[in-house]
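Keep in mind that what you see is a predicted model, and the values were worked out from it rather than measured. In what follows, every heavy atom counts, from backbone to side chain, and hydrogens, waters and symmetry copies are set aside.
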Amino acid sequence: MQAIPRHEDALENAVTEALARAVRFLEGARTADGRWLDFRFRFVVGDRDVISSQWVTAYAGQTLAQAGADPAWLAPSRDWLMSHCHPGGGWGFSLATPADADSTANVVRFLSHWRDVPGWEAALGEACTQLLRYWDEPGSGFRTYRPAERPSLNGWASYPGSSWCDVHLCVTALAGEALHASGDPRHRPVVEACARLLRDSQSSEGFWEAYWWHGRTYTTAHAARLLSLLGGDPEPVARAARWLLGARQPGGGWGNGTGSEAAAFHTALALSTLLLDGGRPRHGAALDAGLHWLLRAQQPDGGWASVPIMRMPRPEHHAPWEDPEGCLLLPVLTDRNRLFTTATVVSALVDFLAASRSGWRGNP
C-alpha cells in the first residue's frame with residue numbers, strides 16, 4: 001500500500017522546486033564578467049545614472065553560495081570583486097560611489113565561503129580589516145560611511161555630522177554577521193558589542209528600525225540572526241517573532257511593518273526571523289502560510305516581483321523612520337531587475353529547507 005504523502009513533505013518538495021527555479025533566475029542574470037546589477041537610478045548629485053554592481057554582486061553571490069552553488073562557478077564573481085575594490089580599500093554600492101560598510105560587509109560574507117580554502121585566508125582577513133575601518137567605538141556599532149577629509153558625492157556621503165556617517169542598526173547587524181562568518185575569533189569582541197547595541201536598541205514591540213530600508217523587516221531579520229548566532233537570552237528574537245506574527249497580513253504574507261501591502265522581500269525576511277524562533281514547531285501555521293504566499297507569488301521566470309525597499313535619506317535626517325516621506329533625498333528605490341528581492345527569498349527558502357531537513361534542531 002502506497003504511503004500518503006505528508007503535508008510537510010509536499011510543502012518541502014514545492015519549496016525545493018521553487019528554489020531551483022529561483023537559483024536559475026539569478027544564475028541567468030549574471031553578466032559575462034561575473035557581476036549582478038540592480039537598483040539603477042538617477043542620482044541628484046551630478047545628475048548621473050548609477051547602478052549597483054559591487055553591493056548587489058556580493059549579495060547575490062553570497063546567497064547562491066548559501067544555496068550550494070558550485071564554488072568554481074562563483075569564482076568569477078569573487079574575482080571580479082577582488083579586482084574592483086576601491087582605491088582606498090573596501091567596496092561600495094557601485095564603482096561610482098564611495099566604499100561603505102554595508103557593501104564591504106556583504107563582500108566579507110561572500111568571501112567567508114572560501115575561508116577554509118588555501119590561499120584565501122589573507123584576502124578574507126584584509127576584507128575584514130577594511131570593514132573594521134567603519135567600526136565606531138563610542139557608538140558601539142558600524143557607521144555606513146566614514147567622514148572624509150576630501151568630500152565625496154559633493155559631500156553628501158562624507159561631511160562630519162551627515163547622517164550617512166551615523167552608526168546604523170541595519171548596517172551594524174549585517175557587519176556583525178559578516179565578522180562572525182569570517183570565523184576569526186579576534187573579531188568576537190566587536191561582534192558581541194554589535195549584539196549589545198542591538199539588544200539595547202530593540203523597540204518594546206519587538207522590531208528594529210532601519211536607516212536605509214523602507215520598513216522594519218530587514219533590520220529585524222538581521223538583528224535577530226546575529227543574536228541567534230551568539231546565543232544567550234532568546235527573548236529578543238522571540239519578541240521579534242511576536243511582533244511579526246502581529247504584523248502578518250490576511251493572505252499569509254508580510255508588508256514592511258509600517259503599513260505597506262504584502263511583498264516577497266518582506267515576507268522572506270519575516271519567515272527567516274520566525275525560523276530563528278523555533279520554526280515550524282512554534283510557528284507552523286504562519287510559516288506554512290508565508291511559504292504558500294511566496295510559492296503563489298513566484299513569477300514564471302523564477303524571480304519575484306520587487307517593490308520600493310531602499311531609501312536614501314537626506315543627510316540632515318538622523319531618524320528617517322520618524323518622517324519616512326519627508327526624509328527622502330530620492331523616491332524609495334526598487335530593485336527593478338528583481339535580483340535583490342529574489343536573492344532574499346532564496347535565502348529564506350534555503351533556511352527553511354535546512355531547518356526542515358534537520359528535523360528542526362537548532363537555527364538555520
Side-chain angles (χ1 to χ4, degrees), residues 39-52 54-55 86 88 90-106 131 133-176 194 197-198 200-205 207-220 222-223 256-260 307-335 340:
F39 288 104
R40 180 185 294 277
F41 66 96
R42 193 78 176 171
F43 194 49
V44 65
V45 177
D47 189 31
R48 64 178 185 269
D49 278 329
V50 178
I51 190 168
S52 179
Q54 296 177 318
W55 178 51
H86 280 257
W91 293 265
F93 180 85
S94 73
L95 295 171
T97 58
D100 66 77
D102 192 69
S103 301
T104 302
N106 275 290
L131 176 57
R133 294 169 64 218
Y134 300 89
W135 171 249
D136 182 67
E137 188 72 36
S140 299
F142 281 86
R143 47 172 94 227
T144 304
Y145 291 95
R146 301 170 65 233
E149 294 180 3
R150 178 176 298 176
S152 56
L153 298 180
N154 290 0
W156 284 88
S158 60
Y159 67 80
S162 167
S163 64
W164 288 26
C165 301
D166 288 349
V167 167
H168 298 136
L169 298 180
C170 48
V171 176
T172 295
L174 187 77
C194 292
L197 176 64
L198 293 169
D200 293 342
S201 304
Q202 187 177 23
S203 71
S204 58
E205 295 93 334
F207 58 81
W208 283 269
E209 295 284 13
Y211 180 86
W212 296 105
W213 300 94
H214 184 54
R216 296 165 170 162
T217 56
Y218 178 93
T219 308
T220 297
H222 285 283
N256 67 2
T258 62
S260 75
V307 297
I309 55 175
M310 179 190 160
R311 64 182 166 211
M312 192 174 293
R314 293 181 176 276
E316 66 268 23
H317 285 265
H318 294 268
W321 52 89
E322 295 178 353
D323 186 10
E325 299 301 324
C327 76
L328 297 175
L329 177 63
L330 295 170
V332 179
L333 300 178
T334 301
D335 57 321
F340 208 92

So does [Y] get a backbone contact from the side chain of [X], meaning a donor-acceptor N/O pair under 3.5 Å?
{"X": "Ser103", "Y": "Trp55", "result": "no"}
{"X": "Arg133", "Y": "Arg146", "result": "no"}
{"X": "His86", "Y": "Thr97", "result": "yes"}
{"X": "His168", "Y": "Ser163", "result": "yes"}
{"X": "Asp102", "Y": "Thr144", "result": "no"}
{"X": "Ser140", "Y": "Leu197", "result": "no"}
{"X": "Trp208", "Y": "Leu198", "result": "yes"}

Looking at [X] and [Y], what are the two nearest heavy atoms and their distance?
{"X": "Gly90", "Y": "Ala99", "result": "C-CB, 4.0 Å"}
{"X": "Cys165", "Y": "Pro147", "result": "SG-N, 3.8 Å"}
{"X": "Ala101", "Y": "Leu131", "result": "O-CD1, 3.5 Å"}
{"X": "Ser94", "Y": "Ser52", "result": "CB-CA, 4.2 Å"}
{"X": "Ala210", "Y": "Pro320", "result": "O-CG, 4.4 Å"}
{"X": "Pro324", "Y": "Glu322", "result": "CD-C, 3.7 Å"}

Calculate, to the nearest 0.5 Å, the distance between atoms [atom1] and [atom2] belonging to [X] and [Y] respectively.
{"X": "Thr104", "Y": "Gln54", "atom1": "OG1", "atom2": "CD", "answer": "8.0 Å"}
{"X": "Leu174", "Y": "Leu169", "atom1": "CG", "atom2": "CG", "answer": "12.5 Å"}
{"X": "Arg216", "Y": "Ser203", "atom1": "CZ", "atom2": "OG", "answer": "7.0 Å"}
{"X": "Leu328", "Y": "Arg314", "atom1": "CG", "atom2": "CZ", "answer": "8.5 Å"}
{"X": "Ser260", "Y": "His214", "atom1": "OG", "atom2": "NE2", "answer": "6.5 Å"}
{"X": "Phe41", "Y": "Leu330", "atom1": "CZ", "atom2": "CG", "answer": "6.0 Å"}

> Using 30° and 60° as the class limits, which term best fits the ring planes of Trp213 and Tyr218: parallel, tilted or perpendicular?
Replying inline: parallel

> What is the ring orientation for Trp212 with Tyr145, classed by angle as parallel under 30°, tilted 30 to 60°, or perpendicular over 60°?
Replying inline: perpendicular

> Stepwise, does the side chain to side chain contact (heavy atoms under 4.5 Å, CB included) test hold for Tyr134 with Val171?
Replying inline: CA-CA 10 Å; Tyr134 300 89; Val171 176; over 6 Å; no

>> Working note: Thr172 + Val167, criterion side chain to side chain contact (heavy atoms under 4.5 Å, CB included); need CA distance, chi angles, decisive distance, verdict.
In response: CA-CA 7 Å; Thr172 295; Val167 167; 3.8 Å; yes

For residues [X] and [Y], determine if any side-chain heavy atom of one lies less than 4.5 Å from a side-chain heavy atom of the other.
{"X": "Phe93", "Y": "Val50", "answer": "yes"}
{"X": "Ile309", "Y": "Asp335", "answer": "yes"}
{"X": "Val332", "Y": "Met310", "answer": "no"}

>> Please determine whether side chain to side chain contact (heavy atoms under 4.5 Å, CB included) holds for the pair Arg311 and Leu333, giving the CA-CA distance in whole Å, both sets of side-chain angles, and the decisive distance to 0.1 Å.
In response: CA-CA 6 Å; Arg311 64 182 166 211; Leu333 300 178; over 6 Å; no

> Could Arg143 and Asp136 be called an ion pair, given the rule that one side-chain N must be under 4.0 Å from one carboxylate O?
Replying inline: yes

> Looking at the rings of Trp164 and Tyr211, which for Trp means the six-membered one, are their centres under 6.0 Å apart?
Replying inline: no

